[in-house]
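Throughout, protein chains are lettered first and strands after them, A, B, ... in sequence-line order, and every chain is numbered starting at 1. Since we're looking at a predicted model, the values are computed, not measured.
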Protein chains: 2
Amino acid sequence: MTTLQSIYRHPLLKPEELQAIVDAHEKTVYRKGDYFLKKGQTANEYYCLEKGLVRSYVIDFSGREITTGFIGENEIIIDVMSLFQRIPSSENIQALTDCVCYRIDFETFQQLYHSIHGFSEWGRAWMSESLFRLKQRSISMITDSASERYQALIRQHPEILKHAPLKHIATYLGITDTSLSRIRKDFVSSNVGT
Amino acid sequence: MTTLQSIYRHPLLKPEELQAIVDAHEKTVYRKGDYFLKKGQTANEYYCLEKGLVRSYVIDFSGREITTGFIGENEIIIDVMSLFQRIPSSENIQALTDCVCYRIDFETFQQLYHSIHGFSEWGRAWMSESLFRLKQRSISMITDSASERYQALIRQHPEILKHAPLKHIATYLGITDTSLSRIRKDFVSSNVGT
DNA sequence: GGTTGTTCTTGTCCTATGGCAAGAAATGGC
DNA sequence: GCCATTTCTTGCCATAGGACAAGAACAACC
């Protein structure tokens with residue numbers, strides 16, 4: 001199963017429709033450090049990530065980078081608000097590693113979205129799940145300790161450890177890199193022998 | 001401008017299409033304490049709120065209620081994941097006051113959604129904005145102090161003060177009601193004479 | 001392979017918020 | 001109006017995580 005097939009899997013998409021969607025994508029390569037989207041730009045496309053790791057972040061009022069998300073393989077690299085509302089992005093999206101991905105531009109997407117019934121159903125399902133995950137994240141910020149959030153993140157995205165510096169992970173968790181360093185030390189020593 | 005017209009305003013919706021959408025809703029009344037949706041139920045409709053205030057919440061692992069959102073007038077009362085994915089809801093949605101709202105069931109919605117081009121555009125725009133607001137909330141949990149978050153919430157939804165007990169507001173902000181009580185005291189005294 | 005910049009760890013002390021408990025105030029039946 | 005319940009405030013002490021700074025480890029570049 002390819003990246004695109006796994007991303008677009010949906011019960012209402014017939015094989016030939018899925019094929020049409022897949023064919024609308026164009027393979028693209030990004031190098032570590034490249035930007036998929038910069039704050040202030042209006043997105044004109046989105047990307048399905050086959051290989052690599054990506055980070056999105058915003059700059060807060062005091063100039064500090066706050067990581068808003070990590071995007072892993074078989075996930076979509078997109079600023080929904082910028083792409084669909086045609087407004088300048090408020091976040092930056094940057095490759096943490098070299099990336100292989102599949103690009104589709106807005107116009108092509110729109111045309112497929114409105115001509116293939118199952119595709120707009122897929123789109124709504126994808127948005128629903130994004131909303132759900134984001135809500136889970138908000139709840140986790142409230143109910144879980146920083147250490148629990150760290151462990152959950154690493155469980156879901158172990159590749160982050162290799163490619164993102166502590167400070168990026170820390171701002172995603174809502175703590176300082178100093179604290180994360182201490183949390184990680186406790187975590188390691190509590191695992192000795194396992 | 002009625003509640004429904006304000007909620008469904010969209011550049012691609014022609015007046016007669018908007019009218020068809022509006023006509024598909026049925027006025028309903030809820031009493032304070034009533035549930036729009038309970039955890040475990042699968043949503044079969046959503047509601048546009050004309051008058052009143054609503055709270056959504058989940059129960060965490062230790063049995064504590066965590067407020068996940070407040071819904072005010074001219075906003076939509078919905079569990080997106082449950083309604084569109086046809087799965088049991090993980091949250092409870094409850095009226096904090098008597099409410100006047102307009103109900104539309106899933107089947108009717110689906111039919112309009114797929115027959116009126118502008119309506120699915122509207123739906124996607126609504127989802128985009130929901131995602132955006134939720135992301136802003138996550139960022140705010142990281143960059144702002146509890147006191148700043150409280151003040152922002154009250155600015156956006158002053159009616160919450162009258163209708164929600166401290167403990168509901170506190171869990172939404174991610175703090176205890178004790179802390180919120182102290183924060184509010186500081187806030188009041190810092191505003192003496194203004 | 002040294003130099004420079006970045007990342008990570010660690011120490012010390014500080015602050016925001018939590019936990020718990022008691023009492024005061026408000027609210028809701030009846 | 002009275003009682004029971006819930007909500008809100010306050011005090012005391014505990015704790016998680018922050019601020020800052022120094023040094024160690026690592027990486028990158030020439």
Minimum-distance nucleotide (side-chain atoms of [X] versus [options]):
X: B:Ile183; options: C:dT17, C:dC8, D:dG18; result: C:dT17
X: B:Arg182; options: C:dT17, D:dT10, C:dT10; result: D:dT10
X: A:Arg149; options: D:dC8, D:dG17, C:dT17; result: D:dG17
X: B:Ser145; options: C:dT9, D:dC8, C:dT17; result: C:dT17
X: B:Pro165; options: D:dC8, C:dC8, C:dG18; result: D:dC8
X: A:Lys167; options: C:dG11, C:dT7, D:dG18; result: C:dT7
X: A:Ala146; options: C:dT9, C:dG18, D:dG17; result: D:dG17

Rounded to whole angstroms, how far apart are [atom1] on [X] and [atom2] on [N]?
X: B:Tyr150; N: D:dC8; atom1: OH; atom2: P; value: 10 Å
X: A:Asp177; N: D:dA19; atom1: CG; atom2: P; value: 10 Å
X: B:His163; N: C:dT27; atom1: NE2; atom2: P; value: 12 Å
X: A:Glu65; N: C:dT6; atom1: CD; atom2: P; value: 12 Å
X: B:Leu166; N: C:dT27; atom1: CG; atom2: C1'; value: 15 Å
X: A:Asp186; N: D:dG17; atom1: CG; atom2: P; value: 10 Å
X: B:Arg64; N: C:dC20; atom1: CZ; atom2: P; value: 12 Å
X: B:Leu180; N: C:dT17; atom1: CG; atom2: P; value: 11 Å

Open item on the list: Ring centres under 6.0 Å, that's the criterion: do B:Phe84 and B:Phe109 meet it?
Closed with: yes

Open item on the list: Are A:Phe36 and A:Tyr46 an aromatic pair, judged by ring center distance below 6.0 Å?
Closed with: no

Any side-chain N or O of [X] less than 4.0 Å from the OP1 or OP2 oxygen of [N]?
X: A:Thr176; N: D:dG17; answer: no
X: A:Thr178; N: D:dG18; answer: no
X: A:Lys185; N: C:dT10; answer: yes

Task: B:Ser89 versus B:Asp79, side-chain donor and acceptor atoms under 3.5 Å - done: yes

Task: pair A:Ile160-A:Leu53: side-chain heavy atoms closer than 4.5 Å - done: yes

Task: Sugar-phosphate, base or nothing in reach of B:Ser181, heavy atoms under 4.0 Å - done: base

- [ ] Step by step, work out the side-chain hydrogen bond (donor to acceptor under 3.5 Å, both in side chains) result for A:His117 and A:Glu17.
- [x] CA-CA 10 Å; A:His117 171 88; A:Glu17 292 172 335; over 6 Å; no

